[in-house]
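Following: one structure in structure tokens, then a few remarks.
Quick caveat: nothing in here was measured; it's all calculated off a predicted structure.
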Amino acid sequence: MTNAHPSEIDDFDAWESRPLSERARPQPPYLPGLNEAQREAVELLDGPVLVLAGAGTGKTRVLTTRLAHLINQQRAFPSQILAVTFTNKAAREMKERVAQLLGNAVEGMPWLGTFHSICVKILRRHAELVELKPNFTILDSDDQLRLIRQLLDAEGVDDKRWPARMFAAQLDRWKNRAQGPGQVPADETGFGEGRGVEFYRMYQERLRTLNAVDFGDLLLHVVTIFQHHPDVLADYQRRFRYILVDEYQDTNVAQYLWLRLLAAQHRNICCVGDDDQSIYGWRGAEVGNILRFERDFPSAQVIRLEQNYRSTPHILAAASGVIAANRERLGKTLWTDADAGERVRLIGHWDGEEEARWIGEEIEALARGTRGHDALSLDEIAILVRASFQMRAFEDRFLAIGLPYRVIGGPRFYERMEIRDAMAYFRIVVSPDDGLAFERIVNTPKRGLGDKAIQRLNQLARERGTNLLEAARIAAGGGEGITRKGASALGQLVGQIDRWAEMLRGTEVSHVELAEIILDESGYTAMWQADRSAEAPGRLENLKELVQALEEFENLQGFLEHVSLVMDNERDDAGAKVSIMTLHGAKGLEFPAVFLPGWEDGLFPSQRSMDENGVKGLEEERRLAYVGLTRARRHLTISFAANRHIYGRWQSSLPSRFIDELPPETVEVLTPPGLYGGGYGAAAAQEMTGSTLERAAAEASTYNSPGWKRMAERRASAGAGQGRGAHSPVVNATASARFETGTRVFHQKFGYGRITGIEGDKLSIAFEKAGEKKVVASYVTPAENQGGSEDIPF
DNA sequence: GGCCAATTGGTTTTT
DNA sequence: CCAATTGGCC
């Protein structure tokens, strides 16, 4: 079974038989400059190697240099190296940097990519082995959930008792462990009164009918093929002479099996990772994979990268102090020869709003350079939170003071409704079997075909053993239990799809033009043009962007595959801005100044993690703390609030237990000692009551640290009225007095608009760009004075 | 079949 | 508090 690239293999054999002297290479220019451990990690090319790369130790550099070295030393053709990453971003970066190292001497590496993209490539070649057609579609989790809903509904499962989401999660767990319906452990079939495996089978069957796979299938199917078809496996084993894996601590069982199968012949597998940065256990990652590496690959060499080039000793000490409390770890000691730098700052606040206000002011100080350092660009500052709801407090505050920020990891472009709709139109034109796509668009725009009609179509498709599109064609003829109006609408739609499919095959129009025609003729664009809601203009804008994005692809098919695998959302909006993101989102990044707010027990570590996963959960939270701490280069500030406004109710909490784990000598405490009983952290605060907290806060101005003084001054100057936040009655009164209906105003986020109504502290404003919105009065300034209430010098 | 009001539940996220 | 989804009503 030599299905793939025989020419490449022949080339290699020819090359391998050449005398050694011809293969010799001069000392490569990229080796000097690496430290000893890094160099070892680059040069140990043969056999299994585990590189334990602590945060900031030059992991990416090692990985890319090793790749370049393999090619430079002619150990293998680029096409014989398998290099896997988790994200497209990482893959892209690696490609670029290898090309840079080798001076563009290498034509692309076909097997450098994410687990999923590489699996797609393999699976398309052998699709028939798992009863798929090579042009199968890849469903995202949204489609997946809809399919599950349909299935469970058809089986009469009560969604209240057995929610579709729950089954989706279960499916994920199974697929993450590469367990097909036949390999599900007996004690995990409980879903739907013991019908879990039955549903799993049916779900897989439906996917097959749709000629579709979900994300989990990409790995599961390939592993299944490898296990059942030794000839196919042998082919790939032979091809991949060298294997490199990034972020090994994040691999799940399926990925692990996949790697082990592929590495079995040459055994040249190099995994790079950091067990201390494993933070994706909740989505199937197995820290165990990295902890067990030496057992899995006997004679493996383990290299530790421990010299940190990113952070100051104080920051490293803080991170080490926290992570040392974890039991399950391989153990590394980061060190640096950088200057001590300033200590990690720790500060407690009365509530979340005060925390946001304080951080806002600190950021302004950093940006002005008034903290005794060179001024920082806002791009060099980040706020890392545990959960995204924490972001709002910062957004609110920064909007109010006009501090530019960017939220990283919001809703992705390709996840927007209008984009998914448009894509569904493209999908049904490209692949007539894609019933989910058809279902999505059949009544968008409204064609009078609701749930009833769709149910009937599905039934019809089942009866006739055909796909939804064909069923619709039949139903359009009438007499199939669809109303006359519905049948005629169906007939029109099917006719349109046929015509578009015809155009797709022909050469008359380009795929970009076709896309425009589809969106136009279907009435989809018109639907949004007719929509008077605030979002409509933005959606039309997005559709334009979508069509524009198409231009970079050869055809619709290629584009669709790109989108299903590369859900990137890198919008590079210009201007220096503070980054606000989750700790998860910050992995792999670094910033000169980092703020870590919300270090309260229950929030961080998250109560839910601890409740659901006990010590394991707590340890993962602790690794998350470690990731957060090690993002900082020079300035690091941890903070917590005694009270927080969560989901509309006040909640008070104790400082995070992780705070107790910070080595005291690396920390500068800005919180008055009274506020949390002298020491800091949960243990010290255990016995504090609300009233003692209040009294301590009142005594705060007597505290003597410079940081605290600064804060006290600020607090005093802020004035008592605003001390409890921008939403206080005082502010409201001023605000409503300042505005009246019809006033033209400016809002930091939504731009210009006219006030259409006032309710208490909230204004209804018809924005010129963003449409009608309700906005808190204090975030809006009269249009004549758009500079805002404070002058910010940037 | 479509629209509005009430209800509910709300870490972390890539592919 | 707020969004997303569901249930009831036209």
- Query: Taking N and O atoms by type only, does the side chain of A:Ser609 place a donor or acceptor under 3.5 Å from a partner on the base of B:dT11?
  - Reply: yes

For B:dT13 and C:dA4, measure between their P atoms and round to the nearest Å. 16 Å

| Distance between the C1' atoms of C:dT5 and B:dT12, in whole angstroms? | 23 Å

What are the atom names and distances for every N/O pair under 3.5 Å that joins the protein to nucleotides 6-10 of chain C?
from, atom 1, to, atom 2, distance (Å)
C:dG7, OP1, A:Lys160, NZ, 3.0

The ring pair (Phe, Tyr, Trp, His ring centres under 6.0 Å) partners of A:His645 (sequence neighbours excluded) come to A:Trp650

B:dT14 phosphate, OP1 or OP2, under 4.0 Å from A:Asn88 side-chain N/O = no

message = Closer than 4.0 angstrom, basic N to acidic O: yes or no for A:Asp276 and A:Arg329?
response = yes

* In terms of side-chain geometry, is the basic nitrogen of A:Arg623 or A:Glu620 positioned less than 4.0 Å from the acidic oxygen of its partner? -> yes

query = So what does A:Asp451 hit on the nucleic acid, given a heavy-atom distance under 4.0 Å: a base, only sugar-phosphate, or nothing?
reply = sugar-phosphate

Give A:Thr87 one of three labels, base, sugar-phosphate or nothing, depending on what nucleic acid heavy atoms sit under 4.0 Å from its own. sugar-phosphate

Check the orientation of A:Phe604 and A:Phe658. Use parallel for under 30°, tilted for 30 to 60°, and perpendicular for over 60°.
perpendicular

A:Met166 atom CE is separated from B:dG9 atom C1', nearest whole Å, by 16 Å

| message | At 4.0 Å (heavy atoms only), tell me whether A:Ser141 reaches a base, stays on the sugar-phosphate, or touches nothing. | response | base

| said: Regarding A:Phe86, tell me which of base, sugar-phosphate or nothing describes its non-hydrogen contacts under 4.0 Å with the strands shown. | reply: sugar-phosphate

**OP:** Classify the nucleic acid contact of A:Glu621 as base, sugar-phosphate or nothing, counting any heavy atom under 4.0 Å across all strands shown.
**Re:** base

A:Lys175 atom NZ is separated from B:dT15 atom C1', nearest whole Å, by 13 Å

(Q) Taking A:Glu621 first and then A:Arg657, would you say they form a salt bridge - that is, a charged N and a carboxylate O separated by under 4.0 Å? (A) no

